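In what follows, every heavy atom counts, from backbone to side chain, and hydrogens, waters and symmetry copies are set aside. Chain naming here is simple, since letters A, B, ... match the order of the sequence lines and numbering starts at 1 in each. If you're wondering where the values come from, they're calculated on a predicted model, not measured in any experiment.
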2 protein chains.
Amino acid sequence: MTLIVPSRRREIEDVASALFRERGYAATSIRDIARELDIRGASVYAHVASKEDVLWAIVDRTATRFERTAEAIVALPAVATDPVARMSALVRGHVRVIAEDVGAASVFISEWRALTGERRAAILARRDVYEARFREAIADGVATGDFAMTDPAVAAAYLLTALNGIATWYRPDGRLGADRIADHYVDLALRTLTEDHR
Amino acid sequence: MTLIVPSRRREIEDVASALFRERGYAATSIRDIARELDIRGASVYAHVASKEDVLWAIVDRTATRFERTAEAIVALPAVATDPVARMSALVRGHVRVIAEDVGAASVFISEWRALTGERRAAILARRDVYEARFREAIADGVATGDFAMTDPAVAAAYLLTALNGIATWYRPDGRLGADRIADHYVDLALRTLTEDHR
DNA sequence: CCTACCGATCGGTAGG
DNA sequence: CCTACCGATCGGTAGG
């Protein structure tokens, strides 16, 4: 049996993720983070260079998790010609990345705005690449006739904000586990993109 | 022709809405708000009692707009026995309230967390009443067979976060006007609640 | 609506 | 990881 001992640096990031999610980056002080770890505010700076570095570490790591998940999906040959399978996998992957670390995911989704300069610009660009995979899957599905006619940009905005909303209400000890939520969201997403009513 | 001269108090709230939306409540100082109005920070206190009062005024006013819109809809006799018509009207109303003042809507949706004590509790309770109208319309539609079988709480969370997401990307000068966006969202919402795929 | 000011708290550093 | 400390900024008040 292996005991996982998280590094102090990682503990700081995890405590920060939880507090940034609850109160936001600006409303959380370095001393708040230190208090959770039973150390003094100044001691945090033995492990991190600045408060924004902590935010960046969380956002960058979480962006990478979303990116790798989506890249692994679109690299599957079976999914290249099947927009429905691709969209299902993208939705399931997105839900999984959120549920595996809902604090970090919330920070990635909402608190990146507190980043400044190049980091802010870089994250915006990476988000756009990621979101484009959803727009593309929608456009492909409309082209193949698997999805109903729709504006891909509007449908992707609708779908991605619904998915990101999970980070606002999900709790690991909630009524539904991550896999059940993923099942529901895949179903709702495919319904969103197909037609029945009227 | 009538010239609308907004009160200073209202100007403060409107500037605050825009800044709270962009940077968040905690990252916006009273001096930031004053600067936009070309007055000194201390002068803001001639019009408001506290920073949290400004937040509360925006959140309370916007909550009331959402509530009145939904109440007018559910009061329509034609809509009582028609969950599809009721849901369509709720979605259209929600989009309209956001688009009419996207700054205030963003603050209502995201920044209410900065409220403390009774105000925070009161807003949470009012949000729950509002959101329950969506859950109820979904449950009614499932019961009548107009909507596909689904978990009403999950479907409502999916739908409401998709709707609230509009406040993060909507711009009055954007590609699509509010009415077009409402058309798209009504369509997407009804698709979400009906079945076709598989 | 202004100037002048208050105590509290912030992010961060020096030196151990 | 600590104590001691820094300048800057915060929400807010007094008195005009």
**Prompt:** For B:Arg40 and D:dT13, what is the distance between atoms CZ and C1' respectively, to the nearest whole Å?
**Reply:** 17 Å
**Message:** Between P on C:dC1 and CD1 on B:Ile39, what's the gap in Å once rounded to a whole number?
**Reply:** 5 Å
Please identify each residue that fulfils salt bridge (charged side-chain N to carboxylate O under 4.0 Å, His left out) with [X], with sequence neighbours left out.
{"X": "B:Asp179", "value": "none"}
{"X": "A:Arg92", "value": "A:Asp183"}
{"X": "B:Arg171", "value": "none"}
{"X": "A:Arg35", "value": "A:Asp32"}

**For A:Ile138, side chain to side chain contact (heavy atoms under 4.5 Å, CB included) partners two or more places apart** = A:Met87, A:Val142, A:Thr150, A:Pro152, A:Ala155, A:Ala156, A:Leu193
**Message:** Applying side chain to side chain contact (heavy atoms under 4.5 Å, CB included), can you list everything that pairs with B:Thr62, at least two apart in sequence or on another chain?
**Reply:** B:Ile58, B:Arg65, B:Phe66, B:Ala104, B:Phe108
**Request:** Could you provide the dot-bracket string of DNA chain D, using ( ) for intrastrand pairs, [ ] for crossing pairs and | for bases paired to another strand, with Watson-Crick or G-U pairs below 3.5 Å?
**Result:** ||||||||||||||||
**Fill in**
Residues passing the ring pair (Phe, Tyr, Trp, His ring centres under 6.0 Å) test with B:Tyr185, sequence neighbours excluded, are A:Tyr158
**Fill in**
Counting primed atoms, P, OP1 and OP2 as sugar-phosphate and everything else as base, the B/S/- map of nucleotides 6-11 of chain D against protein heavy atoms under 4.0 Å is ----SB
**Asked** Do A:Ser110 and A:Arg21 have side-chain N/O donor and acceptor atoms under 3.5 Å apart?
**Response** no
**Message:** Is it the case that the side chains of B:Thr116 and B:Glu52 hold a donor-acceptor pair, with the cut-off being a distance below 3.5 Å and no angle test?
**Reply:** yes
**Message:** What residues from residues 7-15 of chain B pass a heavy-atom cutoff of under 4.0 Å to DNA chain D?
**Reply:** none
Interface polar pairs with nucleotides 14-16 of chain D, N/O, under 3.5 angstrom:
none

**Message:** Donor-acceptor check, side chain of A:Ser106 to backbone of A:Ala167, threshold 3.5 angstrom: yes or no?
**Reply:** yes
**Item:** Donor-acceptor contact present, side-chain B:Arg120 to main-chain B:Arg113, <3.5 Å
**Value:** yes
**Request:** Give a yes or no on this: more than 12 heavy atoms of other residues, nucleotides or ligands lie within 6.0 Å of atom CZ of B:Arg119.
**Result:** yes
**Message:** Enumerate the ring pair (Phe, Tyr, Trp, His ring centres under 6.0 Å) contacts for residues 20-62 of chain A, please, sequence neighbours excluded, ordered by first and then second residue.
**Reply:** A:Phe20-A:Tyr25
